[in-house]
Amino acid sequence: GRRIAFASVRGGSMPSIWVMNADGSKQRRLSRVSGEYPAWSPDGRKIAFDRNTFGPTGWDIWVMNADGSHLRPLIASRADEQGAAWSPDGTTIAYGSDRGAPPNYTRIWLANADGSGQHLLTRRGGERPAWSKRGTYLLFTAGRIFVARRDGSGLTSVPVQVPGEATLANWTR
């Protein structure tokens with residue numbers, strides 16, 4: 001809770017990742033590449049973020065050290081990958097990808113924290129996953145709110161009485 005990562009266009013026409021102290025002081029740009037939706041690793045040493053490469057890979061998930069060093073693609077393919085969420089123990093990243101999915105359809109995938117071991121969590125559509133406090137469940141949205149165990153089992157739709165769609169849900173910590 002001491003530092004905040006955020007995206008800003010103040011360094012150019014495309015958003016990039018910045019950090020600052022929780023009181024707003026010491027704001028600084030971490031990278032020159034475009035990026036949005038930063039996600040801190042649980043130990044605060046790394047930041048994953050969405051990057052649109054505007055090339056054949058579209059959106060990818062990149063990662064860098066908290067000081068902006070060692071910037072690199074973490075999860076990249078010819079599909080769009082977005083919405084990185086670190087597991088509470090820092091060993092796994094959940095994200096949305098349209099890899100192997102019908103047009104305009106995203107599913108939740110998991111990968112090891114180094115980007116290896118990528119695998120589909122569930123064939124159900126979903127985006128912007130969020131881990132439960134203990135890391136045993138994932139919450140995600142696809143017009144409605146869904147919860148699944150870390151292994152993809154127990155997929156459940158959570159009833160929500162709202163007009164329209166439910167999006168960008170998250171757990172309390």
Side-chain angles (χ1 to χ4, degrees), residues 5-9 12-19 30-66 68-132 135 137-152 155 165-171:
F6 62 100
S8 176
V9 295
S13 62
M14 298 300 297
S16 58
I17 306 300
W18 292 64
V19 292
L30 286 185
S31 73
R32 299 283 176 212
V33 303
S34 63
E36 301 179 60
Y37 299 100
W40 288 99
S41 63
D43 63 8
R45 294 181 182 185
K46 296 183 182 190
I47 300 172
F49 61 95
D50 297 355
R51 179 167 188 237
N52 191 336
T53 61
F54 298 102
T57 63
W59 288 95
D60 295 327
I61 296 172
W62 282 51
V63 68
M64 65 183 147
N65 291 340
S69 66
H70 202 50
L71 175 70
R72 65 201 178 281
L74 181 68
I75 299 167
S77 72
R78 290 191 143 328
D80 284 332
E81 275 97 17
Q82 294 177 280
W86 298 84
S87 62
D89 64 5
T91 63
T92 308
I93 292 182
Y95 59 98
S97 176
D98 63 1
R99 187 181 324 170
N104 302 314
Y105 197 78
T106 303
R107 295 179 177 136
I108 304 301
W109 286 66
L110 300 178
N112 296 327
D114 65 1
S116 67
Q118 298 174 25
H119 64 280
L120 187 63
L121 176 73
T122 175
R123 298 193 62 76
R124 177 76 180 92
E127 62 182 359
R128 300 289 169 187
W131 292 90
S132 64
Y137 291 93
L138 279 155
L139 176 78
F140 57 93
T141 58
R144 299 182 309 203
I145 298 172
F146 294 91
V147 176
R149 289 187 187 92
R150 183 183 191 126
D151 65 3
L155 179 65
E165 294 185 349
T167 61
L168 303 175
N170 209 336
W171 307 88

Report the C-alpha distance between Arg51 and Ile61 in whole Å, list the side-chain angles of each, state the deciding distance to 0.1 Å, and finish with yes or no for side chain to side chain contact (heavy atoms under 4.5 Å, CB included). CA-CA 6 Å; Arg51 179 167 188 237; Ile61 296 172; over 6 Å; no
Test Trp109 against Glu81 for side chain to side chain contact (heavy atoms under 4.5 Å, CB included), laying out the working first. CA-CA 9 Å; Trp109 286 66; Glu81 275 97 17; over 6 Å; no
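Looking at heavy atoms from C-beta onward, Tyr95 lies out of side-chain contact with Arg128 at the 4.5 angstrom threshold. Contact check for Met64 versus Leu30: side-chain heavy atoms found under the 4.5 Å cut-off. Residues Asn65 and Arg45 fail the side-chain proximity criterion, which asks for heavy atoms closer than 4.5 Å. Considering only heavy atoms from C-beta on, Tyr105 stays 4.5 Å or farther from Asp98 through its side chain. In this structure, the side chains of Leu110 and Ile93 stay at 4.5 Å or more apart for every pair of heavy atoms. In this structure the side chain of Thr141 reaches within 4.5 angstrom of the side chain of Glu127, judged on heavy atoms. Residues Thr91 and Asn112 form no side-chain contact, since every pair of their non-hydrogen atoms from C-beta on lies 4.5 Å or further apart. Two residues are said to be in side-chain contact when any heavy atoms from C-beta on lie closer than 4.5 Å; Phe146 and Leu139 fail this criterion.
Heavy atoms of other residues, nucleotides or ligands lying less than 6.0 angstrom from NE2 of His119 number more than 12. Around the CG atom of Asn104, the shell of radius 6.0 Å holds no more than 12 heavy atoms that belong to other residues, nucleotides or ligands.
Two rings, from Tyr37 and Phe49, have their centers 6.0 Å or more apart.
To the nearest 0.5 Å, atoms CD (Glu165) and CD1 (Ile145) are separated by 11.5 Å. Annotation: the span from Trp59 atom CH2 to Ser77 atom OG amounts to 14.5 Å, rounded to 0.5 Å.
With no hydrogens or angles considered, no side-chain donor-acceptor pair links Ser132 and Arg150 at under 3.5 Å.
Distance alone, capped at 3.5 Å, places no donor-acceptor pair between the Asp50 side chain and the Gln82 backbone.
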